[in-house]
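A note on names: the letters A, B, ... follow the listed sequences, proteins ahead of strands, and every chain is numbered from 1.
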Amino acid sequence: MPELPEVETVARGLQKSVAGRRIVSVTLTKTDFMDDPAAIERELPGALIERVERFGKFMLLRLASQDDPVGMDRALLVHLGMTGNLAPHFADQPFVKHNHVTFTLDDGRELRFIDPRRFGRMAYLAGENLATELRRFGAEPLLVEKEEFSRRIRGSAARIKSLLLDQRVLRGVGNIYADESLWTAKIHPARSGSSLKPNEAEALRKALQKILRQAIEKRGSSISDFVDGNGSAGEYQRYHKVYGRDGQKCFRCAAKVKWMVVAGRSTHFCPVCQRAPRKAMQTKRKAKPKRRVATSKR
DNA sequence: CTCGATCCCTGGACGC
DNA sequence: TGCGTCCAGGGATCGA
């Protein structure tokens with residue numbers, strides 16, 4: 001499931017493999033995950049992929065074209081959703097199921113977008129439309145500084161887990177790295193942002209940044225089927241402290257890692273290291289102790 | 001503003 | 001083995 005480190009891994013791979021290539025033609029199969037398929041068909045052929053960067057959980061393929069020497073900002077936004085994959089293929093490689101988009105490149109290779117669940121998103125945006133879209137998102141987790149982080153987190157009564165996942169607050173954090181950073185900072189996921197002491201907020205920021213950097217170094221976490229452009233899996237899932245470890249011993253205190261739903265998301269935490277908030281905030285334990293799927297092969 | 005519920009979508013795990 | 005059901009999860013949307 002691509003979150004910031006996984007998207008960063010894919011973006012770096014694409015920067016190496018396809019930046020500098022020109023798109024010759026576009027073939028769309030399924031388009032229901034696109035904002036405006038016609039714009040993609042119209043604008044992408046002939047465009048040069050200047051560079052590939054990550055923006056939150058999005059990849060931005062920065063584009064240029066000959067007839068636009070002024071250099072208006074133009075980009076293809078790609079969100080990988082849960083199961084999306086964007087990678088170059090040789091033209092003679094057989095198409096797999098769920099190949100929805102094919103960009104033929106000027107060196108004969110094909111940049112293919114494959115996404116079984118189609119939770120991804122693809123959009124061509126330029127100029128002010130692009131700027132407006134990007135402004136919807138919050139701070140970059142790896143760059144956000146102490147004061148801004150504190151303001152964004154401590155300024156809200158929402159639960160901390162929910163704030164970490166809110167792309168308008170921080171762009172790029174998903175379920176795995178939210179749980180991991182809260183464990184590291186010893187903060188209960190159901191606490192409200194405004195209940196965090198300044199030193200707790202700072203501990204969380206530090207934990208989040210450290211974990212994201214380490215995860216990028218390990219090329220992300222491969223839980224289900226995440227692979228980068230070379231088809232290689234990430235390694236960071238081996239370093240998870242709580243995610244997917246419910247029922248197992250906490251690495252700090254040996255208590256059993258718990259699982260609960262917070263802010264509508266599957267949440268893993270240590271009930272001893274991460275003290276529960278006073279009262280009210282506690283999600284009523286629900287009667288439904290759902291079947292936990294043994295996540296992944298480790 | 002924040003919340004939960006619901007939908008989107010497919011494949012894989014599980015129960016029978 | 002085969003079929004039905006139940007999730008996984010990010011994000012949009014809606015109503016409370």
Worksheet item: Below 4.0 angstrom from OP1 or OP2 of C:dG10, is there any side-chain N or O of A:Arg168?
Response: no

Item to complete: State whether A:His98 places a side-chain N or O below 4.0 Å from either non-bridging phosphate oxygen (OP1 or OP2) of B:dC9.
Response: no

Worksheet item: Are A:Arg151 and A:Glu147 close enough for a salt bridge, meaning some N to O gap below 4.0 Å?
Response: no

Practice prompt. Round to the nearest Å and state the distance from A:Arg117 atom CZ to B:dG11 atom P.
Written response: 9 Å

Discussion item. Between P on C:dG11 and CG on A:Asn175, what's the gap in Å once rounded to a whole number?
Written reply: 11 Å

Practice prompt. Give the C-alpha distance, both sets of side-chain angles, the deciding distance and a yes or no for ring pair (Phe, Tyr, Trp, His ring centres under 6.0 Å) between A:Phe33 and A:Phe113.
Written response: CA-CA 11 Å; A:Phe33 54 92; A:Phe113 181 70; 5.3 Å; yes

Item to complete: Flag as yes if A:Phe119 stacks onto the base of C:dG10 (centroids under 5.5 Å, planes under 30°), otherwise no.
Response: yes

Discussion item. Within the 4.0 Å heavy-atom criterion, would you say A:Arg121 contacts the bases, only the backbone, or no part of the nucleic acid?
Written reply: nothing

Item to complete: Would you indicate which nucleotide in C:dG9, B:dT10, C:dG11 comes nearest to any side-chain atom of A:Tyr243?
Response: C:dG9

Worksheet item: Picking from C:dG9, B:dC9, C:dG11, which would you name as closest to the side chain of A:Arg118?
Response: B:dC9

Item to complete: Would you tell me if any nitrogen or oxygen in the side chain of A:Thr83 comes within less than 4.0 Å of OP1 or OP2 on B:dC9?
Response: no

Discussion item. Does C:dG11 have OP1 or OP2 under 4.0 Å away from a side-chain N or O of A:Gln167?
Written reply: yes

Worksheet entry | Nearest-Å distance for atom pair CD1/P, residues A:Ile160 and B:dC3 | 11 Å

Worksheet item: To the nearest angstrom, how far is A:Arg265 atom CZ from B:dT6 atom C1'?
Response: 12 Å

Worksheet item: With a 4.0 Å cut-off, would you call A:Asp179 and A:Lys241 a salt bridge?
Response: no

Worksheet item: Cationic tip of A:Arg112 within the cone over A:Phe103's six-membered ring, i.e. under 6.0 Å and within 45° of the normal?
Response: no

Worksheet entry | Side chain of A:Glu3 - closest among C:dG10, C:dA8, B:dT10 | C:dG10

Worksheet item: A:Asp115 near the nucleic acid: base, sugar-phosphate alone, or nothing, with a heavy-atom cut-off under 4.0 Å?
Response: nothing

Practice prompt. Quickly work out the A:Met260 CE to B:dG4 C1' distance and round it to whole Å.
Written response: 14 Å

Discussion item. Nearest to the side chain of A:Ser156, heavy atoms from C-beta on, is which of B:dT10, B:dT2, C:dG11?
Written reply: B:dT2

Discussion item. Under 4.0 Å, heavy atoms only, any strand: does A:Lys97 hit a base, just the sugar-phosphate, or nothing?
Written reply: sugar-phosphate

Worksheet item: Do A:Glu217 and A:Arg213 sit within salt-bridge range, that is, some charged N less than 4.0 Å from a carboxylate O?
Response: no

Discussion item. What is the separation between atom CG on A:Leu4 and atom C1' on C:dG11, rounded to the nearest whole Å?
Written reply: 17 Å

Practice prompt. Write down the distance between NE2 (A:His79) and P (C:dG9), rounded to a whole number of angstrom.
Written response: 15 Å

Practice prompt. Using atom CE of A:Met122 as one end and atom P of C:dG10 as the other, report the distance to the nearest whole Å.
Written response: 20 Å

Discussion item. For C:dG10 and A:Tyr177 - does any side-chain N or O of the residue sit under 4.0 Å from the phosphate oxygens OP1/OP2?
Written reply: no

Worksheet item: Would you say a side-chain N or O of A:Arg136 is under 4.0 Å from OP1 or OP2 of C:dA12?
Response: yes

Worksheet item: Which atom pair, heavy atoms only, marks the closest approach of A:Arg152 to A:Val169?
Response: NH1-O, 3.1 Å

